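All residue numbers refer to positions in the sequence shown, counting from 1. Everything numeric here is computed off the predicted structure, so don't read it as measured data.
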Amino acid sequence: MIYLKTDEEIEILRENNILVSRALAEVGKNIRPGITTGELNRIADEFIRDNGAVPAFLGYQGYPASACISVNEQVVHGIPGSRVICEGDIVSVDLGTYMKGFVGDSAYTFAVGEVSKEARQLLEVTKEALRRGAAQAKAGNRIGDISAAVQSYAESFGYGVVRELIGHGLGRKMHEDPEVPNYGARGRGPLLKEGMVICIEPMINMGTKAVVFEKDGWTVRTKDRKPSAHFEYAVAVRRDGADVLTDFNIIEQALNNK
């Protein structure tokens with residue numbers, strides 16, 4: 001069942017997702033060589049709570065932390081702990097909020113210090129694939145238009161597009177219908193309607209698209225252990241185009257002022 005949101009509900013979703021963007025900015029300011037993923041999780045948890053929300057991920061289906069922090073070959077759902085961040089790493093941070101009965105959910109992959117030219121390109125291409133996917137999120141299009149835009153751009157660079165993990169609807173629950181794959185054919189899939197709110201989240205691998213699920217029950221990594229990037233927008237579907245509820249400018253301004 002796909003739930004269409006009212007303008008008032010979309011504004012609450014926007015409030016949540018702006019808070020997620022601010023929380024990602026706070027984490028991003030603190031990512032540096034020598035800090036642990038556990039400390040980054042603590043920073044995210046405190047920031048979300050200090051701003052009147054509850055971390056949406058903590059306890060979700062048993063997940064043990066407030067942030068998903070995935071480093072280098074980890075695609076998503078990395079459990080924060082004792083891992084130390086190093087110069088040259090790329091670090092994907094996925095955060096969620098629950099406030100006023102609705103959920104926020106976004107992700108951003110950060111470069112730590114000087115990263116390789118190949119890693120920098122992976123980040124830029126994944127973010128651009130997200131933008132191209134989001135540009136298709138307008139009423140009258142179909143989910144496949146989003147999926148195809150992401151896939152065709154990422155694969156044009158020879159990258160692998162993860163199949164096992166996909167985007168989703170967003171509202172009172174973190175994962176609602178419809179599913180939003182990062183691969184597919186134009187003109188296929190559910191019709192996009194005014195008031196739908198979805199999360200578009202390309203997970204793009206430098207090498208093969210194949211992934212492995214680790215024994216901790218959560219962490220997903222690339223099979224070939226090459227790096228992976230993950231960026232995520234929450235988007236409201238409008239007649240005249242996508243209304244992006246996430247604000248990466250907040251994150252990037254914080255990084256520029258680091």
Side-chain angles (χ1 to χ4, degrees), residues 17-18 20-29 31 67-78 88-96 104-138 145-163 165-168 170 180-184 198-207 209 220 222 226-236 241-258:
N17 284 287
I18 292 296
V20 174
S21 299
R22 290 174 58 212
L24 287 166
E26 188 68 19
V27 173
K29 285 191 302 187
I31 291 180
C68 294
I69 303 180
S70 309
V71 184
N72 296 335
E73 77 282 357
Q74 295 175 339
V75 180
V76 285
H77 304 160
D89 284 345
I90 60 172
V91 182
S92 168
V93 182
D94 194 350
L95 295 177
D105 181 12
S106 301
Y108 195 95
T109 302
F110 299 91
V112 184
E114 291 299 317
V115 303
S116 70
K117 184 175 69 174
E118 293 81 6
R120 181 71 62 183
Q121 178 179 277
L122 176 67
L123 299 185
E124 291 172 356
V125 169
T126 304
K127 197 192 299 181
E128 179 60 23
L130 170 58
R131 290 193 197 102
R132 290 177 181 229
Q136 298 298 317
K138 57 184 177 182
D145 297 319
I146 297 171
S147 306
V150 171
Q151 181 183 11
S152 61
Y153 188 72
E155 289 184 346
S156 73
F157 289 84
Y159 295 150
V161 179
V162 174
R163 302 297 202 268
L165 302 141
I166 58 178
H168 50 89
L170 185 73
V180 187
N182 296 305
Y183 62 96
I198 55 176
C199 284
I200 306 169
E201 49 178 319
M203 288 152 269
I204 308 300
N205 300 343
M206 191 180 287
K209 66 179 182 288
V220 181
T222 58
K226 291 184 179 179
S228 182
H230 176 212
F231 290 88
E232 178 179 11
Y233 276 163
V235 179
D243 181 2
V244 180
L245 308 181
T246 305
D247 191 349
F248 279 180
N249 288 329
I250 293 172
I251 302 167
E252 285 155 12
Q253 285 171 9
L255 295 177
N256 290 336
N257 294 331
K258 221 169 154 180

Let me have the donor-acceptor pairs involving side chains of residues 131-138, under 3.5 Å, with sequence neighbours excluded, atom names and distances please.
unit_1 : atom_1 : unit_2 : atom_2 : d
R131   : NH1    : E128   : OE1    : 2.8
R132   : NE     : E128   : OE2    : 3.0
Q136   : OE1    : N141   : ND2    : 3.4

Close side-chain approach of R22 and I18, heavy atoms under 4.5 Å:
yes
Under 4.5 Å between any side-chain heavy atoms of V161 and I204, yes or no?
yes
Check each of T222, N72, N205 against S228 using the side-chain hydrogen bond (donor to acceptor under 3.5 Å, both in side chains) test, and report the only one that passes.
N205
Report the residues that fulfil side chain to side chain donor-acceptor pair (under 3.5 Å) with D145, sequence neighbours left out, ordered by chain and then residue number.
none
Does the salt bridge (Lys or Arg N to Asp or Glu O under 4.0 Å) test come out yes or no for K29 and E26, once each step is laid out?
CA-CA 5 Å; K29 285 191 302 187; E26 188 68 19; 3.2 Å; yes
Give the minimum heavy-atom separation between L170 and A234, together with the two atoms involved.
CD2-CB, 3.9 Å
Measure from the side-chain N and O atoms of S21 to the backbone N and O of T246, and report whether any donor-acceptor pair falls under 3.5 Å.
no
Using atom types as modelled and distance alone, determine if a side-chain donor or acceptor of S156 lies under 3.5 Å from a backbone N or O of Y153.
yes
How about V162 and N182: do any of their side-chain heavy atoms sit closer than 4.5 Å?
no
Check salt bridge (charged side-chain N to carboxylate O under 4.0 Å, His left out) between E73 and all other residues, then give those that pass, not counting sequence neighbours.
none
Listing request: all ring pair (Phe, Tyr, Trp, His ring centres under 6.0 Å) pairs with a residue in residues 104-134, at least two apart in sequence or in separate chains.
Y108-F110, Y108-F231, Y108-F248
Which residues satisfy the salt bridge (charged side-chain N to carboxylate O under 4.0 Å, His left out) test with D243, sequence neighbours excluded?
R14, R238
Flag the pair T109 / H230 as yes when at least one side-chain heavy-atom distance between them is below 4.5 Å, and no otherwise.
yes
Would you say the side-chain atoms of N17 pair up with the backbone N or O of D247, donor to acceptor, closer than 3.5 Å?
no
Inter- and intrachain pairs under side chain to side chain donor-acceptor pair (under 3.5 Å), touching residues 113-123, at least two apart
Q121-Y159
